[in-house]
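Reminder, nothing fancy here: chain letters follow the sequence lines and each chain counts from 1. The structure presented is a predicted model; accordingly, all values stated were derived computationally and were not measured.
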Amino acid sequence: MESGASSAGCGPGDLSTLVAEIEPLLAPFLSRQEWCTGTVERVAVEDVESLSSGLPALVALRVRTAGVAYQVLVGVRAGDNGADTSEQAFLAEQPECIIGRVGLPDAPLLTYDALADPELVGALVDIVTGQAQGTEHMRKGRCTQRGTSLLLDDRFELRVFRRVVDGANPEVEMILALDGEGFNHVPAPVAVWRRGGFDLAIVLELLTGATDGTALARTSLRDLYASGVAPGATGGDFSGEAERLGNMTGFLHIALASAFGTKTDQGGAVATRIHGDYDLDHVSRAEMGWFVHDFEPRAPDAAGDLGRRAPVVEDIGTMFASLRAAARAVAHEWSPSDPEALAGLADSWIERNEKAFVDGYLAATGVESVAAEEAVRGLVET
Amino acid sequence: MAATPDVIDPHWYRRAVFYEVLVRGFFDSDDDGTGDLPGLIAKLDYLEWLGIDCLWLLPVQASPMRDSGYDISDFFAVQPAYGDVDDLVRLVDEAHRRNIRVIADLVINHTSDQHSWFNESRQDRTNPRADWYVWSDDDQRWPDARIIFSDTERSNWTWDPQREQYYWHRFFSHQPDLNYENPEVGEAMLEVVRFWLDKGLDGFRLDAVPYLYQEDGTTCENLPATHAYLKRIRKEVDTSYPGRVLLAEANQWPADVVDYFGSGDECHMCFHFPLMPRLFMALRREQRFPVTEILAMTPEIPSGCQWAIFLRNHDELTLEKVSDEERDYMYSEYAFDPLMRRHMGISRRLAPLIDGDRRKAELLYALLFSLPGSPIIYYGDELLMGDNIYLGDRDAVRTPMQWTPDRNAGFSKADFAKLYLPPLMDPVYGYQSVNVEAQRRSPSSFLQWLQRLTQARQATPVFGVGGVEVLPAENPSVLAYVRCAPEGEPEHTVLCVYNLSRFAQPAELDLSRWEGRVPFELMGRVPFARVTEHMYTITLGPHAFFWFELVEEA
């Protein structure tokens, strides 16, 4: 246990007693969580810190199992199960969040995942941002294998990293660097919560009215397959969006190269930090254009991939792969018995939008310093 | 002087539904083939039934009609074919009796070259009106002022052989600009304003306001002196004619247009031009971003002010004025879209623009009636009338109002050949199928539906005076927003949800702020499931919409 851990003001009494009681409950708890892979057998608490006084209490744990470190934010309330009082009603609907009962028989305490508790999430946001935000309402955003996203009052997004790595979190690093470059197509960072060498959470300004890139592409594809005419003649034409997305991507790469520097290999190809898992799911269309909302790799073990240096065309390639995948997926939904009948339309949609993306990309001022025009144009599937 | 209805409501224009009417095309009372003011009076009962609050008359002042009446030759007379000043007073009286107000176009930037002021001014350089227009020895001054009608005019200067000087004109060369640097001109125009307000008009739509003044080194648009003069007109209105309204036509980006509200001391209303093409584009793309983007780019306006919004009007569907920024959304969308490009530069009515699709028409009107601003219906669009693009210029959308399936659409008893324009006779939009008589008889007609929508809007003042907040929705085909009563007024919240797609769509909305309330659908007062802390799911049919009042139940 780190010496920085404090027991002062902790509601449930002595922290080490709490840890001792909770440690055996963590393996089954972790096994139930979608952000934790596989069945967990043994969990060791590496670090504990009390973040509040009184009840409900907020206790931060860092635990390790099978070599992987997790952050577990524990909520503690009086009582012994999730449904017996109205103030614990939030647990009744999500029993998987309950860690278990601790404390003395005459003073039982219930421990649970603090991110299920709107009151404690409000307290956490205040801790991370260093000021009282007066959060009134919280809504669950995406939950991925790396972390959980909570949307607060349509104002902030709190991303709490469940799985934590030593040193800077590559996603945090990317967002801060891009913001520092003046690239304003990432959600603006408000505060980063960093303790003991770990990035634990980030608060971002919420992208209002956003929808993810896949949903928008699918809207266009449904219109295409229903109309049965060339994609340029359909109302749901995506090429204007594709061009703007390409343009934003060009500026993203320029900003990454400026923040992290470039390396030119012997063949003349320029490598820099790239997004690494760039596709329609990682971008959002918001009111004022396209944003990269997410830098998290899809595969949980791809942490090393993030922050990788590579030629920027790799990002364009993965984006194009996701355009193609969307075209095929909607074709399967539209015509399950014979999706191949739509292949011609799908191909022309793909080509039109890849070309528009490339036009937008190459129109980003200065993009020639990170990517050669012929290499970018060569990615278009014709 | 005519009585003004309801004088105690100084903000009537914020709740009003406007109706833009072409006197020439509405109803012909004297069988000469041209609509007139007595004809319009004869049809006021229809407009009262439709439920509109204010008429906007396209220019009615005397004019050689080389620019549809925007070339005025006598500010104090009515175009003889329409009637005379007494007819106008009678129209205002009869309208007021039905609780309908009347505003009219007023062109203050320029006159016709046949106006007596110009005839006098061009005589020589010393006559009493020599400086009432903008004269110059060369045509080089103010090179940064764009040429607005660039397909017909080569320069903003035209040589006058009589005076042997060039005169300045921002529009057609037969429309010389008045010289507002001369204080006599400003005074003369104030006299025009007073003349018509004394006759009982409830206000003006001020045509082409950004161009009143010129200044070296500028584009000669939106200059401070221009704003100062408009404030002077406003002051006159506030002092002597409270309750009358000034509606500015400034075809500019919203950030520039807001200047015409001043700090609530300039124009009461301004047109919101960029919204209209974006409504069509949102429907075409089946996603909300064209609309939410322009809402986000629209600045707050001073209290007491209001946007005027419309689906179609008497003008062409233009691109360059609604989208002067190269990087703007609409610019790139139009560039890629052959259909929208085909519509550019010609006049279209609402129905042909949406292939006569009734569902799309209902969706667009529901948007128009619920977005921030006062809606304007263009005459005939309440029937989903068509257009005749072969008439060219702007006449395509100025064909006679279709009253009945009888001869000349019931518009006139004149010989067909004498009509100012032929009525539509095509099998889809022609008067034999599309007309007021038939649609008033059919309870399921578009006209009847729009009449009910108008009632619903008028029963819901928050549409006129409330704030707007777009709600997040993951589904891009869903547009949802709430209209809320302004601070200080009794709480009233209306939720509007639209499906912009031709396929059924689910809308998942976070309404937890209104937990416990019951959404009542406004057209039928049907209660929907109570709002909880969870996501609220609404199923929307193709191009369907709902207006819900969020009611707090005891």
Side-chain angles (χ1 to χ4, degrees), chain A residues 89-90 93 118 136-142 151 153-154 157 206-227 229-244 246-247 284-290 334 352-353 355-356 359-360 363, chain B residues 280-298 326-342 354-355 360 469-481 500-505 508-515 533-535 542:
Chain A
F90 62 89
E93 286 159 22
E136 284 182 356
H137 177 244
M138 136 190 152
R139 183 158 58 92
K140 275 225 157 121
R142 286 166 308 118
L151 313 178
D153 287 349
D154 293 329
E157 177 183 352
L206 193 65
L207 281 182
T208 49
T211 192
D212 79 50
T214 305
L216 207 61
R218 292 173 75 94
T219 302
S220 167
L221 283 157
R222 276 193 294 266
D223 183 58
L224 172 77
Y225 296 143
S227 309
V229 295
T234 60
D237 182 19
F238 192 67
S239 57
E241 295 295 350
E243 186 194 35
R244 283 184 287 274
N247 194 250
S284 290
R285 175 65 158 98
E287 274 162 12
M288 300 310 287
W290 286 94
W334 195 264
R352 177 176 174 84
N353 291 306
K355 276 186 173 153
D359 287 345
Chain B
F280 287 99
M281 190 52 96
L283 210 53
R284 186 158 162 72
R285 294 279 178 268
E286 305 201 2
Q287 42 121 323
R288 66 176 175 271
F289 292 104
V291 176
T292 54
E293 185 180 278
I294 198 67
L295 288 178
M297 289 165 77
T298 301
E326 200 194 330
R327 302 208 54 80
D328 173 55
Y329 173 86
M330 289 302 279
Y331 188 91
S332 60
E333 290 302 319
Y334 276 72
F336 277 109
D337 196 319
L339 179 78
M340 293 310 269
R341 269 207 316 275
R342 264 207 310 282
I354 52 174
D355 303 318
K360 287 186 185 172
E469 186 190 338
V470 177
L471 298 183
E474 182 54 40
N475 185 340
S477 295
V478 170
L479 170 62
Y481 48 84
L500 300 164
S501 147
R502 67 183 184 285
F503 308 117
Q505 298 282 346
E508 281 216 320
L509 302 172
D510 179 6
L511 302 181
S512 54
R513 261 187 288 169
W514 298 280
E515 187 179 343
E533 61 179 327
H534 300 291
M535 296 299 267

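Rounding to the nearest 0.5 angstrom, the gap separating the CG atom in A:L216 from the CG atom in B:N475 is 10.0 Å. Atoms CG and CG, from B:D510 and A:D154 in turn, are 6.0 Å apart once rounded to the nearest 0.5 Å. Atom CE of A:M138 and atom OG of B:S512 lie 11.0 Å apart (nearest 0.5 Å). Atom-to-atom distance recorded for B:E286:CD and A:D237:CG is 12.0 Å, nearest 0.5 angstrom. Residue A:R222 holds its CZ atom at 5.5 Å from CD of B:Q505, rounded to the nearest 0.5 Å. The distance from the CD atom of B:Q287 to the CZ atom of A:F238 is 8.5 Å, given to the nearest 0.5 Å.
With a threshold of 4.5 angstrom between heavy atoms, A:T219 approaches chain B through side-chain atoms but not through N, CA, C or O. When heavy atoms are compared at a cutoff of 4.5 Å, B:T292 approaches chain A by way of both its backbone and its side chain. With a 4.5 Å cut-off on non-hydrogen atoms, A:E136 does not touch chain B at all.
Minimum interatomic distance between B:R288 and A:G209 (heavy atoms only, all atoms of both residues): NH2-O, 3.0 Å. The minimum heavy-atom distance between A:A210 and B:E474, with the atom names listed, is O-OE1, 4.0 Å. When all heavy atoms are compared, the tightest approach of A:S227 to B:R502 is OG-NH2, 3.1 Å. Across all their heavy atoms, B:P476 and A:T211 have their closest contact at CD-OG1, 3.5 Å.
Side-chain contact between A:M288 and B:M297: present, with at least one pair of heavy atoms (C-beta onward) separated by less than 4.5 Å. The closest side-chain heavy-atom distance from A:R139 to B:M535 is below 4.5 Å. A:H137 places none of its side-chain heavy atoms less than 4.5 Å from the side chain of B:E515.
When atom types are taken as modelled, the side chain of B:R284 and the backbone of A:G236 share no donor-acceptor pair closer than 3.5 angstrom.
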